[in-house]
Visitor: 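Okay, here's the structure, questions in a sec.
Computed from a prediction, not measured in an experiment: that's the story for all the values here. Side chains are part of it too, since the values below use all heavy atoms of this structure and drop only hydrogens, waters and symmetry mates. The sequence lines fix the lettering, A, B, ..., with proteins before strands; numbering per chain opens at 1.
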Amino acid sequence: MARSPNLSRRGFIMSVMTFAGSIMGIVVGLPVIGFLISPALNVTKSDAWVPVGKLDSYPVGVPTPFSFTRTKVNGWEKTVNSISVFVLRDATDKVRVFSSVCTHLGCRVTFHKDSNEFICPCHDAHFNKDGGVVSGPPPRPLDQYESKVENGALLIHVIQS
Amino acid sequence: MISKRMYPWLDERLGLSGIYKTVLDRMVPKVNWWFTLGSATLFLFALQVVTGIMLSAYYVPSPDKAYDSIQYIMNGVAFGWLIRGIHHWGATLMVITVFLHMLRVFFYAAYKYPREITWTTGVFLLLATLGMGFTGYLLPWDQKAYWATTVGTSIAGTVPGIGEFILRALRGGSDLSGVTLARFFSAHIWMFPAIIIALIGVHIYLVIRIGISSVPKEND
Ligand code: HEM
Ligand code: FES
């Protein structure tokens, strides 16, 4: 049998093995990657109008905290997330509802009546009564919830992802 | 290609071609397909390690979450059915290949001098593999798992004299409980794999050092 100068028996087997090996690597590797990052890809959004009490119960001009919990299915368990907001009602009954989540890195702010500011304990951010950044690292004002009043009850629009 | 220039550099320092020659280019007698069962078992073990590590990313070894976490693997995680399926069937196949491998060694009388230690490590590898199957079977924490382990540990409990003690040691108490699940999980992912990896090391070292036996001939 004539010897091929180009492809030896050993070279042929090597290429076949490399090819088959790569295919197997991909067939196994891709599902494994999909398996691991799967929770990052399954984003489910839900939204609801959540009642946060009677509008009249909120004092005028002072941001007042309100907390509630929302449950969400995370993988094999229900996670209870507690959400707290600050309701600021003005003299004309216009309402703004601030999220207590600091816009820097997500700690919770509290309202300090003495200085009339929201203060975050984590990196000392100060926000004024309207949510604007006074000092500290946050890149933007406090987030606000959409709100509406129905039969005297205040409702806020909570979107969870 | 980079590897053309990298290889001699690495080889000089790591001795790669030496490893290649002793491990893969070693002399073997002319044998048959029964001699591939050890390698098949090794491959299956590697597969079990990989898929097992993947499962542990979602599995929770606690009585109130184990079952739910596996339901999530099956229905909520991409390719979860595949990874668990491979682990499930790989476990069954591995027990089969270990057994057939042992039978081949037995019928070819390959356990004799100088391979007694290879055989002995093999016996412990068989037991450890069965241990993997026994401890893994409880992990789904469904009815089948629960009662299989109730029965299995009760069998161990019938040993005269110390049976009661063995039963309690296996279960971590007199009843099957969360303590049992935790210790079975620990045995399944740490203790048995550590034992198996160490034994495989000795086993394969001996196979390479001594070389494999040839098929016995008429006058042997
Ligand atoms: C390092 C290696 C291994 C790790 C990390 C590992 C991990 C796991 C985990 C987390 C589970 C629970 C998920 C499930 O039940 O599907 C499991 C189940 C199981 N494992 Fe392993 N495993 C390994 C090797 C093995 C080996 C070598 C065998 C057997 C010979 C084995 C046999 C089983 C069995 C029978 C189940 C129950 C499967 C079922 O019914 O769904 N495992 N393993
Ligand atoms: S998280 Fe609030 S200041 Fe950094």
Visitor: Distance from A/N74 atom CG to B/Y72 atom OH, nearest 0.5 Å?
Guide: 8.0 Å

Visitor: I need the B/F79 CZ to A/L36 CG distance, nearest 0.5 Å.
Guide: 12.0 Å

Visitor: Search all heavy atoms of A/F35 against all heavy atoms of B/I83 and return the closest pair with its distance.
Guide: CD1-CG1, 3.6 Å

Visitor: Could you check whether atom CG of A/D114 has more than 12 heavy atoms from other residues, nucleotides or ligands sitting under 6.0 Å from it?
Guide: yes

Visitor: Report yes if the side chains of A/V32 and B/M54 come closer than 4.5 Å at any heavy-atom pair, otherwise no.
Guide: yes

Visitor: How many angstroms lie between CH2 in A/W76 and CG in B/D64, if you round to the nearest 0.5 Å?
Guide: 12.0 Å

Visitor: Looking at B/G76, B/S69, B/G80, which has the largest count of heavy-atom pairs under 4.5 Å with chain A?
Guide: B/S69

Visitor: With a sphere of 6.0 Å drawn around CH2 of B/W119, does it hold more than 12 non-hydrogen atoms of other residues, nucleotides or ligands?
Guide: yes

Visitor: Considering residues, nucleotides and ligands other than A/W49, do more than 12 of their heavy atoms fall under 6.0 Å from its CH2?
Guide: yes

Visitor: Of the non-hydrogen atoms in B/A78 and A/S38, which two are nearest, and what is the gap between them?
Guide: N-OG, 2.9 Å

Visitor: Looking at A/R9, I want to see if its CZ is surrounded by more than 12 non-hydrogen atoms of other residues, nucleotides or ligands under 6.0 Å.
Guide: no

Visitor: Do other residues, nucleotides or ligands put more than 12 heavy atoms under 6.0 Å from B/K21 NZ?
Guide: no

Visitor: Could you tell me which portion of B/Y67 (side chain, backbone, both or neither) has an atom closer than 4.5 angstrom to a non-hydrogen atom of chain A?
Guide: neither

Visitor: Can you tell me if B/R26 has over 12 outside heavy atoms packed within less than 6.0 Å of its CZ?
Guide: yes

